[in-house]
Protein chains: 2
Amino acid sequence: MTATTAKWDVFELRLSGPTGGNPFLDVDLEAVFIFRSRAVRVPGFYDGEGSYRIRFMPDAEGAWSFVTRSNAPGLDGRTGSFDCGPALANSHGPVRVRDRFHFAYADGTPYFPFGTTCYAWTHQPLDMQRQTIATLGRTRFNKIRMGVFPKSYPYNENEPLQDIYQRKDDGTLDFDRPNPAAFRHFETQIGTLRDMGIEADVIIFHPYDRWNYSGMTREQDFRYLAYLAARLSAYRNVWWSLANEYDFMLDTKPMEQWDRYFQIIEENDPVGHLKSIHNGDPRMNYDHRKAWVSHVCIQNWDVKRTVEWREAYHKPIVNDEPEYEGNILPAWGNLNAQELVHRFWLTVMRGGYAGHGETYSHPEDLIWWAKGGALCGEAWRRIGYLRDLLESDVQGGLEPLGVSTAWPWTRVSGAADPVGGVRFIYFGEHQPIEWTTGLPVDNDNYDVDIIDTWRMTTEVAKKIPPRIPSRTRHGSVVQGGKADAAFGVALPGRPYLALRIRKRT
Amino acid sequence: MTATTAKWDVFELRLSGPTGGNPFLDVDLEAVFIFRSRAVRVPGFYDGEGSYRIRFMPDAEGAWSFVTRSNAPGLDGRTGSFDCGPALANSHGPVRVRDRFHFAYADGTPYFPFGTTCYAWTHQPLDMQRQTIATLGRTRFNKIRMGVFPKSYPYNENEPLQDIYQRKDDGTLDFDRPNPAAFRHFETQIGTLRDMGIEADVIIFHPYDRWNYSGMTREQDFRYLAYLAARLSAYRNVWWSLANEYDFMLDTKPMEQWDRYFQIIEENDPVGHLKSIHNGDPRMNYDHRKAWVSHVCIQNWDVKRTVEWREAYHKPIVNDEPEYEGNILPAWGNLNAQELVHRFWLTVMRGGYAGHGETYSHPEDLIWWAKGGALCGEAWRRIGYLRDLLESDVQGGLEPLGVSTAWPWTRVSGAADPVGGVRFIYFGEHQPIEWTTGLPVDNDNYDVDIIDTWRMTTEVAKKIPPRIPSRTRHGSVVQGGKADAAFGVALPGRPYLALRIRKRT
C-alpha cells in the first residue's frame, strides 16, 4: 500500500471492519504515523456500513509509514506507507499563532483573519450551498464561522438537509450513532472552503436547538468531540470553536465540562488546530488565559477596548461578532454598514481582528448570517479592501500605537507592523484637518497616503510643517514646545479616513 | 436699613472698613441672616478700596434680619433687615439633585442640563464677550463651563483682560491679594448668564497656566476658595466645578487637598450649590461617592457606559466632555458633528447628561470651546432639539430601560420618565426596519413617533403586529414564542433614529 500525498493535504486510510453491535461505541481504532524517529498518534473513526477510516495530514515531505491499533482484530496491526510530496500551490498549511497576537500559516505566510458568519449554511438546500460558495468566491473573506449542528432560532425555522445523528425506530435521534452521511457532507464543504483559501471556524456546540443536540449527555458530548476531531483534523483549514455563546448553556454544561471539551479535542487532534470559544453576554468572556485556548474569541460591540483584551489575555483577539450589518429586529443584527466597517478598522488598528455577518430582512428569511446565499450589504467590500491593504504591506502583524490608556490612542487608533514597518492611523469619527501624532519623528523620507475607508480610495497626503504646540503645564510637568513628529499632514476634515505611512525605499 | 429682594436674587450689604495692612488676610467678616427661628451664616469679603460686602440669596419670602460679626470694630455688630418678595419671572432658584440621578430647580421645575464649554470666555476682549452672550441667546444651552482663571494652552495664547490677583511692585502676582475688579467682571457675566437662564459651571482650578495660578500654596488655595464662595454663592446659577482635569495636578495638589477644597466650599457656601470635579485621564475619575460631591462630572468618550457610572456612583452623571465637535489636531477636539449628537442621545437615553464643546480651527484661534464668540458647527442645533424634546414631555427624568448589562439595552438605548410616562428608544448606529422591544406591553393606546435626531423631525410611526420570535433554547431555558410588546412599529431602516412613545390621553 503506497500513495503520494501533498504536504498539508489529507492522507486517508480506508479499512473494512465489524458492523455488529454499535461500532461507534465498540470499536477502537487509531494509527501511529512514523516519520524518521517521530511518531504521531492519529485516531480513526467509523464511517458506517463497515467502513473505517483514518485521516492524517502530513506536515513533512518524505516517506511516512504507519501501523494501526484496534480492539477489532481485522483492523489491528495494519501497516503501510506513503510519500509526502510538496505542498500544492496555494496551500500554506494550517494557521498558527505567531508573535503572540497574530497568525501565520505553517509555511510562514502571514494570515490576517477577515471572517464572515453563516452558521447553518451547510444545512440549507444544495442549490443555496452552491450559491454561498459562489458568493464567498467574490469576497475577500478568508474564514467562515459554521456550525456542525443545525440551528433553531428566529429566522431559522426550516428543517436541515440531514440529521447529524441517526434516527431510532421511534423517530428520535440516537446520540450514540452519528450519521456518517451528514459528516461527509460537512467535510466536503470544509474541503471546498480549503481549496478556496478559506478557514472553517467549526462551531461544535450552540444553544439554538429544537432537536436536542444541545441536550446530549456529558459522555455523548465527549464522544462527539472525539469523533469530530478524528474526522476533521486532517483538514488544514479547520479551527475549533467550542461553542457559539457557551454561556447560554452553563446551566446544563458547567464550566469544567467546557474545559474538558478543550482537552478532548487536544487528545484527538494531532495537528493541533487553533481552538477558542465564543461568549454571548459581554460580561461572560471565557477565561482565554487557560492553556488550551489558542486565541481569544469574543463578541463585543465596544471595539475600542480591543487593546484591553490584548492586555487581559495576551493572545490574538478575534472579535467574531462586533454586531452584524443589517436591519432585522434584534439589536445585534441591525447595524449600519458604515458602522461595521468602522468597527473593523477600529479593531484592526488596535491590534485585533474582527468578524463579519449580514442580517438584512428577507421575505423568505434567507439571511446570510444563518443560511449563506447572497450578500446584499455594503460592508463586505470595504472589509475586503482593508484585508488587501494589510496584505499589501504588513509582514508581521499590526501592533497598536500606545497601550490601552495612552494619549491619544484611546480616542483615535493607530498601529504599526514591527516587521514590515508600515504604520496606519485611523481617525474614524474624528476629522482633524491636520495631524502629527504618531507620524515619524526621524525624518520625512516616508510616503504618506490618505485612505478613504468607505470609498476605498487612496491619495497622496500633503505634508505640512508640524504644528508646534505651545508649552502647557500639567501640575509640575511642562509639556509642549516642540512638535511630536518630523512633519505633519493636511487632511480634508471629514470622518472615516486613515493614514498609511511607509518608509521610502 | 430696609430693602426688598426677590426670592433667589441677591441681597447685598455694603460696608466701609479698614484699608490698612492686607484686609484680605486681616479682616474677618460674616453675617448671620435670620428668618423666624432659622439662622444662616454668610461670609463677607473685601472688595478693595475700603469696601466690604456680604451677599446673601434669600430662599424664603418674608422678613429677614441680619447681624454682622467681624474682628474689625466698624464692621462688627451691624444689623438690618429686608423683605424677601416673590421670585422674579423665569427665576426658579438654584438647581438641586432630584430623584438621585436628575436635577430640578428649587421651585420644582425640572432642569435637564444641556451645557456647553467656553473655558476662558470672560478673559477675552469685551466685544467678543458680547458676541458670546448673543450666540448663547440663540442656542438652547442652559449651562456653561467657564474658568475663573485664564487659560494657557494651544490655541489659547492671548493675554487675559485682567489679572485675577493684584501685581506686586516687581510685577509678579501677589496671591495674597485678589484683584476685585477681575472678580466683579466675572460676577457681572455670571449675572448675565443667570438672567438668560444659563447655569454657570464655575471651574475653580485647572492646570493650563503660565501665570502660576496653579502654583499657589495650599493656604493660598484655601483662601481663594473661601473668597470665591463668599463672592459667588448668592448667584443662584452657580455650580462649583473644583477643577478641569484635577488629575493632571495631583503631583502638586494631592488628593486629600482636593477633598479639603470641597469642604472649604461647603463651609463658605450657605446656598449649598452643586459641586463636582472633572477628570482628565479616563481612568482617573474622582471618587464621586464622597459625601461632598453632588453629581458626577467626567470626561469619557465611551458614553454607552453611562449606566455603569450611574451604578458606580449613584449620583447624576454629567459627562462634560464626550469629545468636542471640531477639526483641530488634538483628538479630543476633532469629532464629527453627527457623532457628538449621537453621543448626546446615547448619554441621555442611558440616564445621564452630556456637555458640548466646539473646536473648529480658526485663523486667529477664535475657538468657541476656549474663547466663545461664534458657533460654526452643526451639533448645537440638534442638541437644542433634544433638550426641547425632553422639556416637552419629561417631568421627572429619563431612567434607562434595563441595567448596564441587560439585553438589548447594551446595544441600543432606551429610557422612560417614571413621572411623565414618556418613553424614548434611541437606535443610533442601529437601523432596524421593525421594532418591538421596550414598547408598551399593556395595549396600543399610545402615540408613537419616529424622531430623526439629525434632521430634527418627527413623524407618526406606523404600528404593525408585533413579531413573535420562534422559541429558542438557552441551556435549559426556552425563550421566545410570544411577542415582547403589544404592538410593533415599522421603521425606515436608516441610522440615527429614535422612537417617542406617549400614552394617549
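Only this structure's heavy atoms are used, side chains among them; waters, hydrogens and symmetry mates stay out. Proteins come first, then strands; the chains are lettered A, B, ... in the order of their sequence lines, and each starts at number 1.
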Participant: Against chain A, label B/D302 side chain, backbone, both or neither, depending on which of its atoms sit under 4.5 Å from a heavy atom there.
Facilitator: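 Side chain of B/D302 only, per the 4.5 Å heavy-atom cut-off to chain A.
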Participant: Using a 4.5 angstrom heavy-atom cutoff, name the option from B/I468, B/V412, B/D209 with the most pairs to chain A.
Facilitator: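 Winner by heavy-atom pair count: B/D209.
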Participant: Would you call B/E157 and A/R471 a salt bridge, using N to O less than 4.0 angstrom?
Facilitator: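 No, this pair does not count.
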Participant: Specify which of B/P408, B/G326, B/S152 makes the most heavy-atom pairs with chain A at under 4.5 Å.
Facilitator: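 The answer is B/G326.
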Participant: Below 4.5 Å from any heavy atom of chain B, which atoms of A/I328 appear? Answer side chain, backbone, both or neither.
Facilitator: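 The backbone, not the side chain.
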Participant: Evaluate the criterion side-chain hydrogen bond (donor to acceptor under 3.5 Å, both in side chains) for residue pair B/H430 and A/E323; output intermediate values, then yes/no.
Facilitator: CA-CA 10 Å; B/H430 293 268; A/E323 298 179 337; 3.2 Å; yes
Participant: Between B/Q338, B/E339, B/K304, who has the most heavy-atom pairs with chain A when the cutoff is under 4.5 Å?
Facilitator: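 Among B/Q338, B/E339, B/K304, the one with the most close pairs to chain A is B/K304.
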Participant: Which atoms form the tightest heavy-atom contact between B/S470 and A/P154, and what is the distance?
Facilitator: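 Scanning both residues, the minimum pair turns out to be OG-N, 3.0 Å.
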Participant: Less than 4.5 Å to any heavy atom of chain B: does that hold for the side chain of A/Q431, its backbone, both, or neither?
Facilitator: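 For A/Q431, backbone and side chain are both near chain B.
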Participant: Side chain, backbone, both or neither: which part of B/W435 has a non-hydrogen atom closer than 4.5 Å to chain A?
Facilitator: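 Answer is both: backbone and side chain atoms of B/W435 are under 4.5 Å from chain A.
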Participant: Out of curiosity, A/N336 CG to B/R494 CZ, how far, rounded to the nearest 0.5 Å?
Facilitator: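 Answer rounded to 0.5 Å: 12.0 Å.
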Participant: For the CG atom of B/D281 and the OG1 atom of A/T410, what is their distance to the nearest 0.5 Å?
Facilitator: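 Spacing of CG (B/D281) from OG1 (A/T410) equals 8.0 Å.
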Participant: At a heavy-atom distance under 4.5 Å, which candidate from B/K253, B/R467, B/H206 has the highest pair count against chain A?
Facilitator: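 Of the options given, most contacts go to B/R467.
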Participant: Drop me the distance from A/D484's CG to B/L329's CG, to the nearest 0.5 angstrom.
Facilitator: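 Interatomic distance, A/D484 CG to B/L329 CG, rounded to 0.5 Å: 7.0 Å.
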Participant: Check whether B/T436 gets within reach of chain A through its side chain, its backbone, both or neither, counting any heavy atom under 4.5 Å.
Facilitator: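 Both backbone and side chain.
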Participant: Between A/G493, A/A331, A/S361, which shows the greatest number of heavy-atom pairs under 4.5 Å with chain B?
Facilitator: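 Most pairs with chain B among the choices: A/A331.
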Participant: Quick one: which of A/L340, A/T359, A/N327, A/L335 has the most heavy-atom pairs under 4.5 Å with chain B, could you say?
Facilitator: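 Highest number of pairs under 4.5 Å: A/N327.
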Participant: Could you tell me which portion of B/Y360 (side chain, backbone, both or neither) has an atom closer than 4.5 angstrom to a non-hydrogen atom of chain A?
Facilitator: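 Just the side chain, heavy atoms under 4.5 Å.
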Participant: Which bit of B/E429 is near chain A, if near means a heavy-atom gap under 4.5 Å: side chain, backbone, both or neither?
Facilitator: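 For B/E429, backbone and side chain are both near chain A.
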Participant: Using heavy-atom distances under 4.5 Å, tell me whether B/R305 contacts chain A through its side chain, its backbone, both, or neither.
Facilitator: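 Only the side chain of B/R305 comes within 4.5 Å of chain A.
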